[in-house]
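A quick write-up on the structure given underneath.
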Amino acid sequence: MANTGLQLLGFALACIGWIGFIVAVAIPQWKMSSFAGDAIITAQVTYEGLWMSCVMQSTGQMQCKTFDSLLKLGSTMQATRALMICGILFGFFAACIAAVGMKCLTCLQDDEVKKAKVGIVGGILFIIAGLCVLIATAWYGNQIARDFYNAFTPTNSKYEFGPALFIGWAGAAMAILGGALLCCSCPRRETSYPPPRGYHKNAPSAPAGKDYV
């Protein structure tokens, strides 16, 4: 029962992390304009995501514009896009495979060993998905930090971490932790020993040449 609860906990954490991947990719707040230092606070805030850039006015109105050309994007943006999409795809397949390996479902119930192996494969895919997203968000965040501390970057062109990065980091951590729990929920193999041999005592044979009446 405890093993089943651990598996359910891992599956729930991993699925919540996978939903975080989708949210992080969808929202445009990957980086936001910085007002640190001598920067003058203006009446608008600039956001930039993987697919579009947005400007929010002080009135709350937001105007967004998608990126026109893929070839004009930097290598960091293109790599981040690819890794995030891979993370979402790996997470989708991981959720489908791990669901089959869940002990609370009747799929593959006749073969517990195969069912446990399927659950482990789902956990490994969740870990791979989390690593893809973790690398993507860390790479993108490192680029933001480098531009922020670069002395040649204009003050009005500096950005800070947006909410999408924190959602991506949290989702990656939950997916990796959930995948690890799915892998650890595999039942231990029980060592089977052969049954002990029984020794039968042979009845003493009658001496040759002696008859009993």
Quick check: do L73 and R81 have side-chain heavy atoms less than 4.5 Å from each other? yes
What is the distance from atom CE of M62 to atom CE of M56, rounded to the nearest 0.5 Å? 3.0 Å
G101 to Q7 - nearest heavy-atom pair and separation: O-NE2, 3.2 Å
F11 CZ: over 12 foreign heavy atoms closer than 6.0 Å: yes
Look at the side-chain heavy atoms of Ile, Leu, Val, Met, Phe, Trp and Tyr, link any pair under 4.5 Å apart, and say whether I135 and I167 land in one connected group. no
Tell me, do R146 and Q143 make a side-chain contact under 4.5 Å, heavy atoms counted? yes
Hydrophobic cluster membership, M52 vs I144, 4.5 Å side-chain cutoff: no
Which heavy atom of G123 sits nearest a heavy atom of C183, and at what distance? C-SG, 3.9 Å
Let me confirm one number: the CD1-CG distance from I127 to L181, rounded to the nearest 0.5 Å. 9.5 Å
For the hydrophobic clusters of this structure (ILVMFWY residues joined by side-chain heavy atoms under 4.5 Å, transitively), does one cluster hold both V55 and I27? no
To the nearest 0.5 angstrom, please state how far the CG atom of L89 sits from the CZ atom of F21. 12.0 Å
Applying disulfide (SG to SG under 2.5 Å) to C86 and C132, what does each step give before you reach the verdict? CA-CA 7 Å; C86 288; C132 288; 5.7 Å; no
Are W51 and V25 side-chain neighbours, meaning at least one heavy-atom pair lies under 4.5 Å? yes
I97 side, atom CD1; I124 side, atom CD1 - distance, nearest 0.5 Å: 10.0 Å
Hydrophobic cluster membership, with links at side-chain heavy-atom distances under 4.5 Å among I/L/V/M/F/W/Y: are W139 and M77 in one? no
Counting only heavy atoms not in F93, do more than 12 fall under 6.0 Å of its CZ? no
Side chain of W18, backbone of G87: donor and acceptor closer than 3.5 Å? no
Separation between CD1 (I176) and CG (L131), nearest 0.5 Å, reads 4.5 Å
How far apart are the closest heavy atoms of M174 and G17, and which atoms are they? CB-CA, 4.1 Å
Please give me the minimum heavy-atom distance between F126 and A98, naming the atom from each residue. CE1-CB, 4.2 Å
Just to verify, which of W169, Y140, F148 counts as forming a ring-ring contact (aromatic ring centres under 6.0 Å, His included) with F161? W169
L83, I128: one ILVMFWY side-chain cluster at the under-4.5 Å cut-off? no
Identify the heavy atoms of S33 and V45 that sit nearest to each other, and give their distance. OG-CG1, 3.5 Å
Atom CD1 in I19, atom CD1 in I88: separation rounded to 0.5 Å? 11.5 Å
Which heavy atom of A129 sits nearest to which heavy atom of F90, and what is that distance? CB-CB, 3.7 Å
Give the C-alpha distance, both sets of side-chain angles, the deciding distance and a yes or no for side chain to side chain contact (heavy atoms under 4.5 Å, CB included) between V133 and M84. CA-CA 5 Å; V133 174; M84 291 300 296; 3.8 Å; yes
